[in-house]
There are 2 protein chains.
Amino acid sequence: MDSSGETRIQRENRSRILSAGLEVFSAAGFNGATLDAIARAAELSKPNLLYYFPSKKAIYTALLDRLLDTWLDPLRALDPEGEPMDEMLSYVGRKLTLARDYPRESRLFAGEILRGAPHLKSELSGPLRVLVLEKGRIVRAWMDAGHLAKSDPRHLIMSIWALTQHYADFEVQVRAVLGPGHDPWVEAEQEVITHFRRVLAP
Amino acid sequence: MDSSGETRIQRENRSRILSAGLEVFSAAGFNGATLDAIARAAELSKPNLLYYFPSKKAIYTALLDRLLDTWLDPLRALDPEGEPMDEMLSYVGRKLTLARDYPRESRLFAGEILRGAPHLKSELSGPLRVLVLEKGRIVRAWMDAGHLAKSDPRHLIMSIWALTQHYADFEVQVRAVLGPGHDPWVEAEQEVITHFRRVLAP
DNA sequence: CGTCCGTTTGACCGCATGGTCAAATGCATG
DNA sequence: CATGCATTTGACCATGCGGTCAAACGGACG
């Protein structure tokens, strides 16, 4: 018995399943993913999966729920006390690093949004919207004070998402265009930072 | 009989099927789409679909094949004889208009790339890559001549794709962030053009 | 009117897949 | 060791879906 209400084996198996689910869902999408494929990736039998999660959808939503929070962390870290241009470019850098290190999470998220966000629409118009508005006010203040070029902060933030996640979500296309012998992520770091430095320069 | 080898009814039904397929595939993805749903949307019986197309995959690939060409038209129209900044911003505008007027095509494409482009990988590293390289040389010449700020033209072109298509592919997220009372496309026009004017200004 | 051929359809098939269940297998504790 | 609960699994079920087929329908032409 265990005071947390969850044994070590439960914690471990749940974690294996979520990890396997991320792998399969991000590569094949919700409809393309099968319980057998997830079970195989988790090295568990199919009925055993369903001992820990009641359904395929439950695995999927468990992943999505965990995801949004970490996904927004870089934006949360935007510091109103910092130097404006540094803060913005650091944010761009953090977001790009996140996309590079967690492309499966990025693609899982992209797939969900692309299909109309059936499982987290409320999260989008709730916490997400609130955070963007809140951080948007900080950015606007920086713009008004002449530290950054003026634009709609919400569209600016979305443009940062679009550019950074593009390298993860459309990776095959990026690799195809650049051709072999190029490391997209190395070049992206340089290009994206320069890109936003120009956009933001007052 | 008909000298073109295709009767009016064939042309019309094939067109209905492709239109229905676009609707269903773009909303649900390849795996989420069903022949019954496509048949319903096309107002035809399921076996009748398969009289015109041999399989579900055939409808999907027929759509994709038609798509890439029109999708690249705005880039093809980039005129080496034009005024550099005007040419680039016109390209951005055309791409944004395309995304606004054909969001289903954009999402169909996005879904395909997101899943690793199994059905048009060769198109990406072939015609797409060639076109980007070719137009990239034009852009580079403009940069070298001091008409545009210097950057890697291929990444620049991809950033234009990322930003414009973002408004179509992630439309639910954009709407959620902006909230009601905002027309994303109206604001996008203004913001995206300004965005790239700054990026491109020498 | 009858024939022929393009078109349409209801009925059906096989298979993959999400999910169930009862029985078996650990495994910790008294 | 014995008991009881957590865990695991093989076998199975129901359903949805891609695809087939033989038969029916329809219209152009002799």
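These numbers come from the heavy atoms of this one structure, side chains and all, not from hydrogens, waters or symmetry mates. Reminder, nothing fancy here: chain letters follow the sequence lines and each chain counts from 1. Here the structure is a predicted model, which is why all the values come from computation and not from measurement.
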* Distance check: side-chain N/O of N48(A) vs OP1/OP2 of dG10(D), anything under 4.0 Å? -> no

* Only counting residues at least two apart or in another chain, list the ones meeting side-chain contact (heavy atoms from CB on, under 4.5 Å) with D144(A). => R140(A), K150(A)

* What is the distance from CD1 of I9(B) to P of dC5(C), rounded to the nearest Å? -> 18 Å

* Between dT7(D) atom P and R16(A) atom CZ, what is the distance in whole Å? -> 14 Å

* Asked: Roughly how bent is the helix from dC1(C)-dG30(D) to dG30(C)-dC1(D) end to end, in steps of 10 degrees, with each end axis from five pairs?
  -> 0°

* Does OP1 or OP2 of dT8(D) have a side-chain N or O of Y51(A) closer than 4.0 Å? -> no

* Structure fact -> Per-nt protein contacts along nucleotides 11-21 of chain C (heavy atom under 4.0 Å; B base, S backbone sugar-phosphate only, - none) come out as B-----SBBBB

* To do: State yes or no: are the ring centers of H166(A) and H155(B) separated by less than 6.0 Å?
  => no

* With D101(B), which residues qualify under salt bridge (Lys or Arg N to Asp or Glu O under 4.0 Å), at least two apart? -> none

* Asked: So, E12(B) and R8(B), do they make that salt bridge, N to O below 4.0 Å?
  -> no

* Structure fact -> d(M85(B) CE, W142(B) CH2) to nearest 0.5 Å is 11.0 Å

* For atom CG of L44(A) and atom C1' of dG10(D), their distance in whole Å -> 16 Å

* At under 4.0 Å, does any side-chain N or O of Q10(B) touch on OP1 or OP2 of dG6(C)? -> no

* In whole angstrom, give the distance that lies between atom CD1 of I59(B) and atom P of dC17(D). => 15 Å

* With sequence neighbours excluded, tell me which residues meet ring pair (Phe, Tyr, Trp, His ring centres under 6.0 Å) with Y60(A). => F25(A), F30(A), H119(A)

* Asked: Heavy-atom distance under 4.5 Å between the side chains of Y167(B) and R100(B), does that happen here?
  -> no

* Using atom CZ of F53(B) as one end and atom P of dG18(D) as the other, report the distance to the nearest whole Å. => 16 Å

* State, yes or no, whether a side-chain contact exists between I59(B) and K56(B) at a heavy-atom distance under 4.5 Å. => no

* Whole angstrom is fine here: how far is it from CG in L49(B) over to C1' in dT8(C)? => 12 Å

* Partners of E81(B) by salt bridge (Lys or Arg N to Asp or Glu O under 4.0 Å), sequence neighbours excluded? -> none

